[in-house]
Number of protein chains: 2
Amino acid sequence: MREILDIQKQLMPDLMDIMKKRYSILQHILVSGVVGRRTLASSLDMTERVLRGEVDFLKELGLLESDASGMKISESGRQLLEDMQPIIKMAFGLTDLEDSIAKAFHLTNVIIVPGDSDTSIFTKKELGRAGAAALRKYVSKDDIIAVTGGSTMAQIANNLAISSSMKGSWFVPARGGLGESVDMQANTIASIMAKKTGGKYRLLHVPDHLGEEAYQSLIQDPQIQEVVNAVRSCRIVVHGIGDAMVMARRRKVDSETTSSLRGDGALAEALGYYFDRQGNVVHKMPTVGLRLEDLQRVEVVIGVAGGKSKGEAIASVLRHGQEDVLVTDEAAALEIMKHV
Amino acid sequence: MREILDIQKQLMPDLMDIMKKRYSILQHILVSGVVGRRTLASSLDMTERVLRGEVDFLKELGLLESDASGMKISESGRQLLEDMQPIIKMAFGLTDLEDSIAKAFHLTNVIIVPGDSDTSIFTKKELGRAGAAALRKYVSKDDIIAVTGGSTMAQIANNLAISSSMKGSWFVPARGGLGESVDMQANTIASIMAKKTGGKYRLLHVPDHLGEEAYQSLIQDPQIQEVVNAVRSCRIVVHGIGDAMVMARRRKVDSETTSSLRGDGALAEALGYYFDRQGNVVHKMPTVGLRLEDLQRVEVVIGVAGGKSKGEAIASVLRHGQEDVLVTDEAAALEIMKHV
DNA sequence: ATACCCGGGACATAAAACGTCCTACAATGG
DNA sequence: CCATTGTAGGACGTTTTATGTCCCGGGTAT
């Protein structure tokens, strides 16, 4: 049932907008009884002429009638409106959630896919598709795009396709080695994305668990420096968000640091930084690349994460306030709303 | 499930066309493997430029990829196409039926609503809605519209609404008294339609079972003559189609005529004429108004009838070859196709 | 009677769609 | 190896559509 709308959305992204527009016109006319064009236009926040176009169309379809005293809904229009109620609720329930989250955390765009990535592999794939679509929407020619690792990011990479708008783009890992397994590393993701889209890539080969001395000499290396500079001048960042403890375990962080994290109330992880409930940074991984302060200069920061278990973590990162776009799933979104 | 598509068809018929267009483009690309714009355009019967617009759009959406050697479908495009299969079939299965019937009987337009009017009152209402929509589509200012009686026609009248394009129209009964009950009479239907649309009407008051002498003097009456002339100069005819025997019974035709009808193989009735399987007229009701030969001059003849039981009758009338537009239901349409 | 709001006509303008042609490039077949 | 064919994509003038902005005659309520 909902599936059918999701499929149609893929083929005609503006379908929902048109549907909602026409529905709300009819809805307003229904509740108003008889109403005039100008009155209706201002109450719907449309220009008169645009409304007129729609109204003429709806009249063609026999969904509303008009005479010199104004417009009113026809019988078939009323019936249609009634039949549409459940569809509208289904279709725009998530839209309302998106708007709420966007407003609560001052984001420019929120995309929610139905389901729960924790329990459904399909939802996870869908999250990847939506993430890829979001990236495609914001990218422009010759952009530098910094990406992180993780299974969600891997899904996004999976769903990217060759595209002329990304042909000149550079994909780079946002940060160096973070101790992830190879196929989930930022380096891997960046190269896959580049291959899929026809773009180019540069990698940051920074071994994990480097001593301080070796680390210092490494970051002096001109090659490394060049990539790091590219990363810090990126226009777009796409990153995953994780639960702090889960990430610490996955990255085999030593027990001392782990207990320190726990003590500081670390909840979330993103871009190698650990955040507490209030969105404060309580720890950062020792590696090179994009620093949190660089984000202010980055034009588009896209966070992608889903699953009920990650809801609280996502809320923490959002509270830190550097995100522009969030791509998540329904289950996580509902959790996020509990923490506003 | 199908409901949602029907609703969308009502609210955004234009989007459904777009959906079909984009689907068939993807479909063609899928089966062609790699194909070029010009080749595809001719095989889809589109101009190159229009196809190009769509293709650019689909590329934006990541549903297809293109390089110098041609276009091919992307993985998400292939997946989408698969997911859409049932939706397209549900949404446009009837469209294919419509085309087949239109072609078989040389009609300019066929409209099929889902369901079976025999068993579902909802389908019957839907048939009325579709009939009203068809009439609205063909009517222009100050037309004379001749209508017949019957329950289906009554449903059409029900679904008409006030409309500026019909304000100057005249509604007239196609033929005089045919022995139907009052609320299903052509006279009644014509007056209801006029009231609903804001149009005007003239009636033909011809009592049933009139003697030959009285009949002759009646049709000499100037008032009657005037209406009859109006009827015969109508631009649009909307009529029902019935099963011959059912109609004979309903009109209380005497037993002699009934058995003669049976002997002649009368199958269908329309406009007071009885037709056999081949579409030949085998009997006509003795009354005034539109004659079958007048139909040739009528610009738009719209036949409206549904229900599995009427399928064969509809096919008979269609075979007579005077129809331009047919509005029917799925069950009848399937029966009709058995008689091509 | 009057003041107001109505739908709908009109028109200039901005924007989108479209038809048409061209160019550089890849593949294919001799 | 080259000619031929088919490809995407750029360019540009034209047509169609969408939109903003008025205005007018006609109902309606006060």
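In this text the structure is predicted, and so the values were computed from the model without any measurement. In what follows, every heavy atom counts, from backbone to side chain, and hydrogens, waters and symmetry copies are set aside. Note on naming: letters A, B, ... go to the chains in the order of the sequence lines (proteins, then strands), and numbering restarts at 1 for each one.
- At the heavy-atom level, A:Val35 lies under 4.0 Å from the strands shown only through sugar-phosphate atoms.
- Following rounding to the nearest Å, B:Asp14 (CG) and D:dT17 (P) show an atom-to-atom distance of 13 Å.
- A sub-4.0 Å separation between OP1 or OP2 of C:dG7 and a side-chain N or O of A:Ser69 is absent.
- Atom CD in B:Glu60 sits roughly 16 Å away from atom P in D:dA8 (whole-Å rounding).
- Here C:dC18 presents its P atom at 13 Å from CZ of B:Phe57, a figure rounded to the nearest Å.
- Straight-line distance from the CE atom of B:Met71 to the P atom of C:dA27: 16 Å, rounded to whole Å.
- Between the side chains of B:Ser66 and B:Lys72, not a single donor N or O lies within less than 3.5 Å of an accepting N or O.
- Rounded to whole Å, the distance from CG on B:Leu51 to C1' on C:dG19 is 14 Å.
- B:Lys72 places its NZ atom 13 Å from the C1' atom of D:dT7, with the value rounded to the nearest Å.
- The side chain of B:Ser66 places an N or O atom within less than 4.0 Å of a non-bridging phosphate oxygen (OP1 or OP2) of D:dG9.
- Side-chain atoms of B:Arg202 never come within 3.5 Å of backbone atoms of B:Ala230 as a donor-acceptor pair (strictly under, hydrogens ignored).
- For the residue pair A:Tyr138 / A:Asp143, no side-chain donor-acceptor distance below 3.5 Å is found, with atom types taken as modelled.
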Can you build the contact string for nucleotides 19-24 of chain D? Use B for base contact, S for sugar-phosphate-only contact, and - for no protein heavy atom under 4.0 Å.
BBB-B-
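- In this structure, the CG atom of B:Asp56 is 12 Å from the P atom of C:dC18, given to the nearest Å.
- Side-chain contact annotation: B:Gln8 with A:Gln8, donor-acceptor N/O pair under 3.5 Å present.
- Defined by atom type and a distance below 3.5 Å, a donor-acceptor pair is missing between the side-chain atoms of A:Gln10 and A:Asp6.
- A donor and an acceptor atom, one from each side chain of B:Tyr201 and B:Asn187, are nowhere located under 3.5 Å apart.
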